[in-house]
Amino acid sequence: WSSDVCSSDLSSYLGRLWDNIGGMISSTRSSDGSEAVLSLVIHPIHNDVYIFALCKDHKIRMWLTSTHECVMVADVLCGQKQGPMQLVLGAQNHLLRKVSSETSDGFALAAFLCFSEHSQFCVFRPTRIDGQFSLKHIATIYSPEFDLIDFSVTQFGRIVALWTNPDGVPLLR
């Protein structure tokens, strides 16, 4: 194998993958924009590649790239006490990150959710039971009242986040 053949095959595959992502996401959007994708994670499971999208309506949608089929829709706030008021998006977008582990199926998803009243991290483990995918809630952690720049989660479950305080000073926590 020459490097030219490999890079040509890879760029062709990646081009098709990105075209498919755009088609999958845009074809399922509602007219009111509530299903707009704010953050994506791509992860292989067995011999398939899946895309996890955190959407404006606080749901994670999971697509199988080979068929363009949405195989799961899960409300990330399901089961959480929200009180009588409706949660309104905050000044920052929701963010989704993959939490890697040593096995290919042993990963989790960490979502940063920004609302006008508060922000929080929610961690989920995608599971498959009887051929159906779902998200198992692992933890919810309320975040400080700073602006998030970016975050990651270590394989040991620690959230490492870079914030800015109201004075614009960066803080690593």
Side chain to side chain contact (heavy atoms under 4.5 Å, CB included) between V71 and W63, intermediate numbers included: CA-CA 6 Å; V71 296; W63 281 277; over 6 Å; no

Could you walk me through whether F124 and K136 pass the side chain to side chain contact (heavy atoms under 4.5 Å, CB included) check? CA-CA 5 Å; F124 303 93; K136 178 183 176 191; over 6 Å; no

How many angstroms lie between atom OG of S143 and atom NE2 of H118, to the nearest 0.5 angstrom? 8.0 Å

Between SG of C122 and CD1 of I141, what distance do you get to the nearest 0.5 Å? 8.0 Å

V49 backbone acceptor or donor facing T65 side chain under 3.5 Å: yes

Could you state the interatomic distance from CG (L40) to CZ (F52), rounded to the nearest 0.5 Å? 11.5 Å

What are the two closest heavy atoms between P126 and A108, and how far apart are they? CD-CA, 4.1 Å

Report the residues that fulfil salt bridge (Lys or Arg N to Asp or Glu O under 4.0 Å) with D150, sequence neighbours left out, ordered by chain and then residue number. R97

Checking H137 side chain against A139 main chain: does a donor-acceptor pair fall under 3.5 Å? yes

Distance check, rounded to the nearest 0.5 Å: F146 atom CZ versus D167 atom CG? 9.5 Å

So does D75 get a backbone contact from the side chain of H58, meaning a donor-acceptor N/O pair under 3.5 Å? no

Is the backbone of V160 close enough, under 3.5 Å, to the side chain of R173 for a donor and an acceptor to pair up by distance? no

Using a 4.5 Å cut-off on heavy atoms from C-beta on, say whether the side chain of V76 contacts that of L113. yes

Value for CG (L77) from NZ (K59), rounded to nearest 0.5 Å, stands at 10.0 Å

For the residue pair Q120 and T140, what are the closest heavy atoms and their distance? NE2-CG2, 3.9 Å

Test item: L162 and P170 side chains (from C-beta on) under 4.5 Å apart, heavy atoms: yes

Let me know which of L95, L96, V37 forms a side-chain contact (heavy atoms from CB on, under 4.5 Å) with L54. L96

Considering only heavy atoms from C-beta outward, does the side chain of T164 approach that of V169 to under 4.5 Å? no

Is it the case that one hydrophobic cluster holds both V153 and L148, taking links as side-chain heavy atoms less than 4.5 Å apart, direct or via other members? yes

Ring centre gap for F112 and H94 strictly below 6.0 Å: no

Starting from the C-alpha separation in whole Å, work towards a yes-or-no answer on ring-ring contact (aromatic ring centres under 6.0 Å, His included) for F121 and F151. CA-CA 10 Å; F121 292 97; F151 79 98; 5.0 Å; yes

Determine, for E35 against R61, whether the closest basic-nitrogen to carboxylate-oxygen distance falls under 4.0 angstrom. yes

Give the minimum heavy-atom separation between A161 and W163, together with the two atoms involved. CB-NE1, 3.2 Å

Just do the side chain to side chain contact (heavy atoms under 4.5 Å, CB included) check on I60 and M72 with the steps written out, would you? CA-CA 8 Å; I60 293 179; M72 181 197 71; 4.2 Å; yes

Do S66 and D48 have side-chain heavy atoms sitting under 4.5 Å apart? yes

For S39, give me all partners under side-chain hydrogen bond (donor to acceptor under 3.5 Å, both in side chains), at least two apart in sequence or on another chain. none

Do L64 and L135 land in one hydrophobic cluster if side-chain heavy atoms of ILVMFWY residues count as linked below 4.5 Å? yes

For R125 against F107, the heavy-atom pair lying closest together: NH1-O, 3.0 Å

Hey, could you give me the CG/CG distance between D147 and L171, rounded to the nearest 0.5 Å? 10.5 Å

